[in-house]
Protein chains: 2
Amino acid sequence: MTEKPSHRTNLVLTAMRLFRRQGYASTGLQQILAESKAPKGSLYYYFPTGKEGLAEAAVEMATDLICNTISDLARDHSDPKDFITAYCNVYAGWMEDSNFRSGCPIATTMLENAPQSPVLTKAGEAAMDRWMALIADVFETSGMPSEEAQTKSGQLVAAIEGALLISRIRQSTKPIRDVADMF
Amino acid sequence: MTEKPSHRTNLVLTAMRLFRRQGYASTGLQQILAESKAPKGSLYYYFPTGKEGLAEAAVEMATDLICNTISDLARDHSDPKDFITAYCNVYAGWMEDSNFRSGCPIATTMLENAPQSPVLTKAGEAAMDRWMALIADVFETSGMPSEEAQTKSGQLVAAIEGALLISRIRQSTKPIRDVADMF
DNA sequence: ATTTCTATATTGACCGGTCTATAGAGTCAA
DNA sequence: TTGACTCTATAGACCGGTCAATATAGAAAT
C-alpha cells in the first residue's frame with residue numbers, strides 16, 4: 001500500500017506539502033528539489049511539463065489522502081452527525097499540529113490556478129467529485145435520499161473549506177468546530 | 001465618497017483586482033505598475049514596505065468593498081433569509097461576470113500569507129471581524145439572540161468562502177446558491 | 001510683485017538575485 | 001547496446017527593491 005520512496009514519489013510528496021503551506025506560485029522548484037533530495041533531471045524526466053505536471057500529481061496525491069481519511073472515518077462513524085464531527089476534528093488537528101499552516105491540501109493551488117490552468121482545474125474537479133461522492137455515501141447509507149445526500153455533501157465540503165481559510169486567518173480551530181453544528 | 005484617482009488609489013485598486021484573480025505571489029509589481037499606469041517610484045513612496053504594504057492596503061480596500069455591499073443589502077433585506085439569498089446572488093454575479101476568476105477579494109492572499117505575514121494576517125482578521133459583525137447585526141435586528149447571531153454569521157461567511165472556492169473549480173454558481181439553503 | 005530658497009513629493013533607471021526551463025553529455029543497470 | 005535516469009551549465013525573463021535626480025508648491029526675502 002505504501003508507495004516505495006522513489007525520487008518521483010518524494011518529489012510529489014514534497015510538492016504537496018509545500019504547495020499546501022505556501023501556495024503554488026511562491027514555492028520554487030529549487031526548494032522542492034532541495035527538500036525532496038531529488039535531482040533536477042529527474043523532475044523533468046518524470047514531469048515533462050515541469051511545475052504544472054508536478055502540481056497535477058500533487059493534487060491527485062492530496063485527493064487520495066483526503067479520500068482515505070474519509071473512508072477511514074466512515075468505517076468508524078456510520079451516523080452522519082458523528083461522522084461530520086469526527087471529520088472536522090481531523091482537520092482541526094491538522095491545523096493545530098501545523099500552527100495553522102496546513103489547511104486544505106489543494107485550496108491554495110486551486111485559487112491560484114483555477115480556472116486558468118485546464119490541467120489543474122480538472123484535477124481539482126476530480127478531487128471535489130471524489131470527496132463529495134464518498135461523503136454522500138455516508139449520508140445515503142444512513143437512509144438519506146440520494147439527491148439530498150448529494151446537496152448536503154456539497155454544502156459540508158464548502159463549509160469546511162471556508163472554515164479552514166478562516167481558521168488560518170484567526171489561528172483558531174473554532175470556525176472548524178462550528179461547522180459541525182451547521183448540520 | 002468616491003476616491004480621487006491618484007496614483008496611490010490606482011495602485012491599490014489594481015493590486016486588489018490582480019491579487020483577487022491570480023493571487024499574491026504570482027502577481028508581479030511590474031504588472032501592477034503597468035496596469036495602474038503608476039510609476040515605480042510612487043509605489044515605494046506610498047508604501048515603503050513594498051509589496052506587503054500594498055497588499056495590506058488592498059485587503060483593507062477589499063474589506064470596505066464587502067462591508068459596503070453588506071450594508072446596502074441589509075438596508076433592502078431585513079429578513080435574514082432574504083438577506084442571505086441576496087448576498088449569495090451578489091457573489092454568484094461576480095463569479096459569472098468574471099468567468100469564475102474573481103472570487104473573494106482576500107481569500108487567495110490570505111491562504112498564501114496567513115499566518116506567516118503578521119501584517120496581512122492582521123488585515124485579514126480585521127476583515128473577518130467587520131464582515132461578521134455586520135451580518136450578525138442583520139440577524140440580531142430580526143430578533144435573534146446575540147450569541148446565536150455571532151455564531152451564525154461566522155458559519156455563513158465560512159460557507160460562502162468555501163462555496164466561492166468550489167464555484168471557481170467547477171465553474172458553476174450552484175455551490176454558491178446552495179449556501180442559501182443551509183440557513 | 002518677483003525672485004530665491006527649501007522641504008516635500010515624485011520619478012524611472014538600475015541592481016543583484018531568483019525563477020522555470022532547456023540542452024546535451026554522462027552514468028549505469030539490464 | 002539500449003533505455004532509464006542524472007548531471008552541469010546556461011538561457012532569458014522576471015523578481016522585489018534601492019536611490020540619486022528632478023519637479024513642485026509654498027514660505028521667505030527683496
Side-chain angles (χ1 to χ4, degrees), chain A residues 3-59 108-109 112-114 116-121 123, chain B residues 3-59 108-114 116-121 123:
Chain A
E3 287 187 62
K4 62 174 191 284
S6 63
H7 281 155
R8 197 198 133 99
T9 306
N10 286 338
L11 278 167
V12 181
L13 224 41
T14 306
M16 179 179 74
R17 194 183 71 242
L18 293 175
F19 290 162
R20 187 183 196 177
R21 293 187 166 237
Q22 348 174 86
Y24 176 80
S26 46
T27 301
L29 295 182
Q30 251 178 241
Q31 188 182 8
I32 295 173
L33 292 169
E35 297 197 14
S36 69
K37 292 184 173 63
K40 187 164 199 171
S42 300
L43 196 164
Y44 285 95
Y45 176 74
Y46 293 117
F47 305 99
T49 60
K51 198 181 184 182
E52 193 181 39
L54 178 58
E56 184 188 11
V59 169
T108 315
T109 301
E112 288 179 278
N113 295 296
Q116 291 96 323
S117 158
V119 170
L120 295 180
T121 305
Chain B
E3 286 186 63
K4 62 172 191 289
S6 62
H7 280 324
R8 196 198 135 100
T9 306
N10 286 338
L11 279 167
V12 180
L13 225 41
T14 305
M16 180 179 72
R17 193 183 71 243
L18 293 175
F19 290 162
R20 188 182 194 177
R21 293 188 166 236
Q22 351 176 70
Y24 177 81
S26 46
T27 301
L29 295 183
Q30 239 178 227
Q31 189 182 9
I32 296 173
L33 292 169
E35 297 197 13
S36 69
K37 294 183 172 62
K40 187 164 202 171
S42 299
L43 197 165
Y44 283 93
Y45 175 73
Y46 293 118
F47 305 100
T49 60
K51 197 182 187 183
E52 192 181 39
L54 178 59
E56 184 189 11
V59 169
T108 315
T109 302
M110 286 302 123
L111 282 182
E112 288 180 276
N113 294 296
Q116 291 96 323
S117 158
V119 170
L120 294 180
T121 305

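Quantities reported herein were computed from a predicted structural model and do not represent experimental measurements. Lettering follows sequence order; numbering is per chain, from 1.
Within the model, atoms CG of A:N10 and CZ of A:R8 stand 11.5 Å from one another, a figure rounded to the nearest 0.5 Å. With rounding to the nearest 0.5 angstrom, the CD atom of B:E56 is 12.5 Å from the OG1 atom of B:T109. For the atom pair B:R21 CZ and B:T108 OG1, the distance stands at 12.0 Å (nearest 0.5 Å).
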Could you give me the CA-CA distance, side-chain angles and deciding distance for B:T49 and B:L54, then say whether side chain to side chain contact (heavy atoms under 4.5 Å, CB included) is met?
-> CA-CA 8 Å; B:T49 60; B:L54 178 59; over 6 Å; no
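Counted by atom type alone, B:E52 and B:S117 present one or more donor-acceptor pairs between their side chains at under 3.5 Å.
Between the CG atom of B:L43 and the P atom of C:dT10 there is a distance of 13 Å, given to the nearest Å. Atom pair B:L11:CG and C:dT10:C1' shows a separation of 12 Å (rounding to whole Å applied). Going from atom CG of B:L33 over to atom P of C:dG12 covers 10 Å, rounded to whole Å. Atoms CZ (B:F47) and C1' (D:dT18) sit 18 Å apart, rounded to a whole Å.
Looking at B:K51, its side chain does come within 3.5 Å of a backbone N or O of B:Y24 through a donor-acceptor pair.
For B:H7 and C:dT11, the shortest distance from a side-chain N or O to OP1 or OP2 is below 4.0 Å. Dashed line: the shortest gap from a side-chain N or O of B:Y46 to OP1 or OP2 of C:dT10 is under 4.0 Å.
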Assign a letter to each nucleotide of nucleotides 20-30 of chain C from its 5' end: B, base within under 4.0 Å of a protein heavy atom; S, sugar-phosphate only; -, no contact.
-> BBB--------
